[in-house]
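Presented below is the structure to which this report refers.
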Protein chains: 2
Amino acid sequence: MPRSPTGHRVTMIDIAEAAGVSKSTVSLVLQGSPLVKADTRDKVLNAIDTLGYVYNRGAASLRNARTNLVGMVINDLANPFFAELAVGIERVFQTAGYIPFIANTAESPTRQAEVLRSMREHDIAGLILCPARGTRQGDLDAIITGGLPLVLAMRRVAGVKASSVTPDNFRGARRATEYLLELGHRRIAFIGGYADMTAQTERCGGYRAALEAAGLPVDGTMVIEGPTTRETGAAAIEQLLSLGAPPTAALCFNDVVALGANDALRRRGLATGADFSLVGFDDIREARHMWPPLTTVAVDTLSLGEKAAHAMLRMIHGDSRRDDYLGDVTLMMRDSAGHPKAV
Amino acid sequence: MPRSPTGHRVTMIDIAEAAGVSKSTVSLVLQGSPLVKADTRDKVLNAIDTLGYVYNRGAASLRNARTNLVGMVINDLANPFFAELAVGIERVFQTAGYIPFIANTAESPTRQAEVLRSMREHDIAGLILCPARGTRQGDLDAIITGGLPLVLAMRRVAGVKASSVTPDNFRGARRATEYLLELGHRRIAFIGGYADMTAQTERCGGYRAALEAAGLPVDGTMVIEGPTTRETGAAAIEQLLSLGAPPTAALCFNDVVALGANDALRRRGLATGADFSLVGFDDIREARHMWPPLTTVAVDTLSLGEKAAHAMLRMIHGDSRRDDYLGDVTLMMRDSAGHPKAV
DNA sequence: ACCTGAATTTGGAACGTTCCAAACGATAGT
DNA sequence: ACTATCGTTTGGAACGTTCCAAATTCAGGT
C-alpha cells in the first residue's frame, strides 16, 4: 500500500488536506458525483495522483455493502475445458462491470472450503462454483442460508437448491453410445469419473440407457471409475484390453480422459479409430488437433459460461428464482471412432 | 452476507451477545488466542455457527493491514501453458497460507489496468503478473512506488525494476534453431509474437543468433509477427508457403502457435516433420499428444511457477531484494522436426 | 478474611470510508 | 438591506474489526 511521507497509508483525509477540501468532498469526487464544481474536482484528482492514493474498498464496503467482485471457484483449472468456461464467464462480467476472481480447488473439498471461506470473508457479490468431487450439501448450506447468489456450473450437488448450468450429459452420452452402436460395436466401455459426481451418473446413465435400448447387457467390468485425468484414461485402456472379452470401443467421461486413453492405445501399437474406437466429451480445442481428431460430444462451452454469468447477474440484481439450464450437446464425428475391426 | 433475525449482517457483536461475552473475547477466539478459557471458547464457537457468522476481513484489515490474498494476473488463461503456470504457483501459496486469486486479462492492457486497480483496492499482499502485451513502464509504477511486492512472470517490462521469473528464452530459441540447422534446414522461419514483447525479442534473438553463427542471412520476410494464437500459426504457414523460396522449417513462438501451424500444414496435405519441420516453445502437455508429437523447447513450467511464488513470499516477508530468475530450458526432440525434404 | 499474582475478560479508541443533515456562499427577487 | 433559493461543501456518526490498558475473577498462600 502506498504510504504518505509520514509513513502511513495515504487516505482520503490526506487527499482532502492536500487539495484543501473536506474528506466528504473527496468522497463525492471519487463517486463521480455531479455536485462538485469542476475545478474542485480537478484539485482533488490532482492530489490523488500526486500522492498515489489507492481507494480502500474494504473500508467502503464496511459502510455500504455492495461489491463488484464475483467469485469463480473451479475444480480443475488445468483442464482446458474449465479454462474455456472461465473465459466465457469472464466476458459477460467484464461488460457488466463486475470483476471475476478465479480460484482453483484442484478437486479438493478441503481446499474448496478454504477458498469459499476466503471469498465470503471478502464479501463477494456472487459465486459461480464448479464443485470439487466429494462436495456435500452441508458444505454449501452456509452459503445458501447466507443468501449469497450461487450458480453451480457443470456439476450439481445432491440436495442443494441453487441455480445450475450444465450440459445435457444424459442425452450427449446416449447419443455418443448410439453412434458407437450404429458403427457396429457391441462391447463398449465407459471410462472415467466417479459415481458420486452428478456429471458422471448422468453421462454413465445415458450410456447405460443406450445399451439397454439396444438390448445389450451393461457389464460392470466395462465401467471404469477414476479421476478425470489422462492417467485414468491410460490405465483404463490397459485394464480393459486385458479382459477376456475386451471392448472394441469406449466412451470417455471427458476429452482429457480420452487423450490419455489415446496415448495408451498408441503405446500398444493400436490405431485409434481402426483397432479401437474412442469418443470423448466436452470438445475442448485440443480435441480436433490430436491424432486422430477426436470424435466427441460438444457442449458449447462458451455459451454455457455465458449462461452461468447471466444467471448470476440476474440473482445479484435481486431476482431470486432458481433456474436450471441444460445446455445443448452435439456429437462431433471425427476420426477416433470407426467400425469395429472384427465384426 | 448472512443476516441476523433483525435483518442486518451478523457481526461479532451479535456473537458476543449470544454467547454472553464481550466483542473483545469473540475477537480473541477468532484469532485462536490461548488466553481464552476453553469453555468460553466453546460458547463463542457455538454462537458462531448457529448464527452463521462470516468474518469480515475488510473491517479487520482496516485495523491491522496484512492480508492473505495474493493476486495473479495472467495475460492468457486459455493458453494451457499459463494454466499450468498458475497451478505451480498455487501449490506453493497454498502451503504458505496465502490464497491466490487469479484474473485473466486476455492480453488487453485496459482490462489489465482494471483488474490491477481492483486488486490493489482489495489490499492484496503481493502480485504476480504476466503482463499483457503493450504494458508500459508507466502502467506499473504506481504499483512499484506503492511498495507492493511484484513479481513479473514470463515477460518483463522495459524499465520496470521488479523481480522476474522467465525461462531462458534466448538460449532455448538458439538451441532449437541450431537443431533445425543440424537437421539440414537452411531457410527457417520464426512465427508469432510481437517485437514489443520481451519474450519475443529474446526468442527471436536466439533464432537470429543461431542463423548468424551459421553464416546464414536473417531474412525479414521469414519473421512473421502476430498474436500468440493458433490463427497466427495457421496464417503464417499460408503466407510462408506462398513465398518464392519458402522455408523448410519454422520455429514457433510457442506451442499454441505451432498447433495452428500444424493444422495449416495438414490442411495443405503436408506431413509435419517430413515435408515441413516445426518446433514449438513451452512444452505444454498437449505437445506430446498432438500428431505428430511436437518437438519443442521445454521450460519446466511448474518450477517456474514455484520460483515465482517463492520470490513473492520472500518479498512479502520483507526481503526487498530484486531477483531475476532465468529458468532452464531443454529441447524435447520429438517428431515434428526432421530432415528437409529436398536437401 | 485478606493479599497477591496470574489468568481471563472487557471498554473504547482507532482504522478509512459513506451518507445525512446542516452550513455556507452567491445570486436574485422583493 | 433582507430573505429565499440554488449550488456547493462539510462535520460527524456509523460500519465491523483489533488492540491496548485496565478491570475483573480466581486460587493459593498467609
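Note that the structure is a prediction, hence the values are computed from the model and not measured. Quick note on labels: first sequence line is chain A, next is B, and so on, each numbered from 1.
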* To do: Ignoring backbone atoms, test whether A:Gln31 places a side-chain nitrogen or oxygen under 4.0 Å from the OP1 or OP2 oxygen of C:dC19.
  => yes

* Only one of B:His310, B:Lys307, B:Arg314 passes side-chain hydrogen bond (donor to acceptor under 3.5 Å, both in side chains) with B:Asp323; say which it is. => B:Arg314

* **Atom pair distance, as rounded to whole Å: CD1 in A:Ile13 and P in C:dA14** => 12 Å

* Asked: Which is it for B:Ser27 and B:Ser24 under the side chain to side chain donor-acceptor pair (under 3.5 Å) test, yes or no, and what are the steps along the way?
  -> CA-CA 5 Å; B:Ser27 176; B:Ser24 303; over 6 Å; no

* Taking the side chain of A:Ala59 as heavy atoms from C-beta outward, which of D:dT17, D:dT8, C:dT17 is closest to it? -> C:dT17

* Among D:dC15, D:dT17, C:dT9, which nucleotide sits nearest the side chain of B:Met12? -> D:dT17

* Does a nitrogen or oxygen in the side chain of B:Ser27 sit under 4.0 Å from OP1 or OP2 of D:dT17? -> no

* Mind calculating the distance between NE2 (A:His122) and P (D:dT17) to the nearest angstrom? => 13 Å

* Structure fact -> Here the distance between atom C1' of D:dG16 and atom CG of B:Leu28, to the nearest Å, is 16 Å

* To do: State whether A:Thr25 places a side-chain N or O below 4.0 Å from either non-bridging phosphate oxygen (OP1 or OP2) of D:dT9.
  => no

* To do: Side chain of A:Thr11 only, please: which of C:dT10, C:dG16, C:dT18 is the nearest?
  => C:dG16

* Asked: Considering heavy-atom distances to DNA chain D, does B:Val26 or A:Leu35 have its closest nucleotide positioned more toward the 5' end?
  -> A:Leu35

* Among the nucleotides D:dT9, D:dC15, C:dG11, which one has an atom lying closest to any side-chain atom of B:Ser24? -> C:dG11

* Asked: Can we say A:Arg117 and A:Glu114 salt-bridge, meaning some charged N sits less than 4.0 Å from an Asp/Glu carboxylate O?
  -> no

* Mark yes or no for a side-chain to base donor-acceptor pair under 3.5 Å between B:Ser22 and C:dG11, with no hydrogen or angle criteria applied. => no

* Integer-rounded Å distance: C:dG16 P and B:Asn56 CG -> 16 Å

* To do: Would you indicate what A:Ser61 reaches in the nucleic acid, counting non-hydrogen atoms under 4.0 angstrom: base, sugar-phosphate, or nothing?
  => nothing

* Asked: Would you say the side-chain atoms of B:Thr105 and B:Asn75 include a donor-acceptor pair closer than 3.5 Å?
  -> no

* Asked: With distance as the sole criterion, do the side chain of B:Arg63 and the base of D:dT17 form a donor-acceptor contact below 3.5 Å?
  -> no

* Asked: Tell me: CG of B:Asp14 to C1' of D:dG16, nearest whole Å?
  -> 10 Å

* Integer-rounded Å distance: D:dC19 P and B:Asn64 CG -> 5 Å

* Please give, in whole Å, the distance from D:dC15 C1' to B:Leu62 CG? -> 9 Å

* **Earlier contact from the 5' end, DNA chain C, for A:Leu30 and B:Lys37** => B:Lys37

* Judged by atom type as modelled, is there a donor-acceptor pair below 3.5 Å linking the side chain of A:Glu107 to the main-chain atoms of A:Arg133? -> yes

* Measure the CG-OG1 distance between A:Leu304 and A:Thr166 for me, rounded to the nearest 0.5 Å. => 7.5 Å

* To do: For B:Asp42 and C:dT9, give me the distance from atom CG to atom P, rounded to whole Å.
  => 12 Å

* To do: Between D:dT18, D:dT10, C:dT9, spot the one nearest the side chain of B:Lys23, thanks.
  => D:dT18

